[in-house]
Every structure is written in structure tokens, then in C-alpha cells.
Amino acid sequence: MDSKVLPQVAKLGGTALDLLFPQKCIGCGKEGLILCSACQASLPRIMPPLCPLCGRPQLSGILCPGCVSWQASIDGIRSPFRFEGTMRQAVYQLKYRNLRALAAPLARLLNDYLSTGPLPGEVLVPVPLHRKRLRERGYNQSGLLAKRLGKLAGLPVVDNCLIRQRHASPQARTSNVEERQSNVAGAFICRDDRLKDKKVLLIDDVSTSGATLDACAEALKEGGAASVWGLTLAREI
Ligand SMILES: [Zn+2]
Ligand SMILES: [Zn+2]
């Protein structure tokens, strides 16, 4: 494009930009919404019965084998979707492609999930990034989700009380649960007592082993939280 045209376009604002670069659905590419209703309806849902602790599908609805001996600090984890297909794409775009506009429809999906099956929580806390990672990325995707969800659900968000002290190395998909837990154990501290006696709902984009959420829960309970549940958009099954 002619560089002289750009300032003119910028003056016209969002409408002109939308005409030049129409928004496309990240799932099917159709022009219009960033996540169209057909793609939202076909997202891979996690259906009950679930393991009451980790929230993975479990036929009997009792503790799954992986949770029987898990000394968890977290009271439970729930996720509406599997980390597959369009949901995987959505999380990736939100996290690494700076597609912050996705936070709005994704938070609505979380709110829909909460309104059909409420979880104990009177305050939302996003899983923090290490400050180095936050500087690189410029935003915390979990913070964006929590902020939007807080508005929809009418819940306050406390996002600067849980601190990530260590920058955990990326978790290999093949690593076992013990490795993952030692990778993040003690990685978080709760800086003050604002969450004392509060029922906390921890918000994150994806949960893999649950170790990160559990390490957060441990810190929050040391800080006096009454209960800590984890709500993530998606989880690896
Ligand atoms: Zn679509
Ligand atoms: Zn389980």
C-alpha cells in the first residue's frame, strides 16, 4: 500500500481497517466474527462424568488413577474444553499471536460454563506470568481472560498478589506428573493477605498436568485463602 494512504486510513479508524482487513474466524476463515457461532458450537467439550479433583473425564465419576495419590493443594480443576482443534488454535492465537480480541469471546465461553455449573469462588486470580515473560509478551493472556470474565460474572479480579518467582522451563508433553510438579513447585508466592479467607477461582488458559494451578493454590493457601479452585479454558486430556 502507498505509505501516504496509511495516515488517512488511520484517521478513519477501525471501520476502514475492518474494510481493508476484514476480521476472519480463526476456526473456519469465514469473514465476520473472530470466532463464529458455528465454530463456537463445535468446540470440543469435556462432558461429565468427571474426576472430582482434576476434572478429566472419568467413567465412574470417582477419583481418577492419577489423582488417588495426589497430595493436591488445589480443591478442584474444571475446564469446558479439550485442548484440541479450534480451541487449541484459539489459545495459541491469544497467547503467541497477540490476538487479544479473542479474550472477549473466550471469556464469554467461560462465563457460560460457570453459569451452568457454578464453582466456589468469590474472587478471580489469573495465573501470573514471570515478569520477564510478561515484558516479552506485553500482556498476560490469563489476566485478559480473568478481567473479561470478572466483568461478565460480576466478580472482582486480584491480579498482583500472586507472584511467579521462577520462570519454569517449558513443559514437554511427554514429561511425567512428578517431573512437572518439581518443575513448578515453589514457583509462586502470595505477596500479601488480600485473599485471606477468600474463596479463590484461579484462571488460566490451558492446564496440562494441573501442576501449575496446584503450585498457585499452595501459595494462595499459605497466604490464607479459604479455598482454591482452578478454571481453565482448555485442558489436555
Ligand atoms: Zn468459524
Ligand atoms: Zn483426576
Side-chain angles (χ1 to χ4, degrees), residues 18 21-95 97 99-110 112-113 117 119-121 127 171 173-185 201-218 221 227-237:
D18 285 348
F21 308 103
Q23 199 163 55
K24 285 189 180 151
C25 172
I26 56 146
C28 64
K30 196 175 83 176
E31 282 180 12
L33 299 171
I34 199 162
L35 187 55
C36 80
S37 48
C39 285
Q40 284 196 30
S42 63
L43 288 171
R45 286 195 173 272
I46 296 176
M47 304 303 285
L50 308 172
C51 166
L53 181 51
C54 71
R56 286 192 177 92
Q58 164 77 357
L59 265 183
S60 54
I62 57 165
L63 283 180
C64 74
C67 285
V68 170
S69 58
W70 188 21
Q71 303 286 315
S73 297
I74 196 140
D75 294 284
I77 301 170
R78 294 293 181 272
S79 318
F81 304 104
R82 291 170 184 265
F83 190 50
E84 294 170 5
T86 302
M87 182 44 71
R88 192 185 187 95
Q89 185 65 12
V91 167
Y92 183 81
Q93 299 273 350
L94 174 68
K95 204 165 174 169
R97 293 288 157 137
L99 209 57
R100 300 181 211 193
L102 267 172
L106 295 177
R108 269 199 298 279
L109 291 168
L110 281 177
D112 292 347
Y113 182 76
L119 296 176
V127 170
Q171 297 177 354
R173 292 194 61 172
T174 49
S175 71
N176 64 33
V177 171
E178 288 77 22
E179 281 172 47
R180 281 169 176 161
Q181 283 171 350
S182 65
N183 200 22
V184 288
L201 193 53
L202 259 177
I203 307 296
D204 208 357
D205 50 356
V206 187
S207 162
T208 305
S209 65
T212 302
L213 293 168
D214 193 52
C216 289
E218 192 182 352
K221 286 191 170 171
S227 68
V228 182
W229 278 74
L231 174 63
T232 73
L233 197 54
R235 78 164 306 143
E236 293 199 25
I237 300 294

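For reference, positions follow the sequence shown, starting with 1. Read the numbers this way: they start at 1 and go in the same order the structure lists the ligands and their atoms.
Heavy-atom minimum distance, R56 versus T208: NH2-O, 3.0 Å. Smallest separation of non-hydrogen atoms from R78 and C54: NH1-C, 4.5 Å.
Here L110 contributes atom CG and L201 contributes atom CG; the two are 9.0 Å apart, rounded to the nearest 0.5 Å.
Seen from the Zn ion (ligand 2), atom SG of C67 and atom SG of C64 lie 110° apart in angle, a value rounded to 10°. The angle that C51 SG and C54 SG make at the Zn ion (ligand 2), rounded to 10°, works out to 110°. Rounding to the nearest 10°, we obtain 110° for the angle at the Zn ion (ligand 1) between C25 SG and C28 SG.
Heavy-atom neighbours of R100 CZ from other residues, nucleotides or ligands within 6.0 Å: above the threshold of 12.
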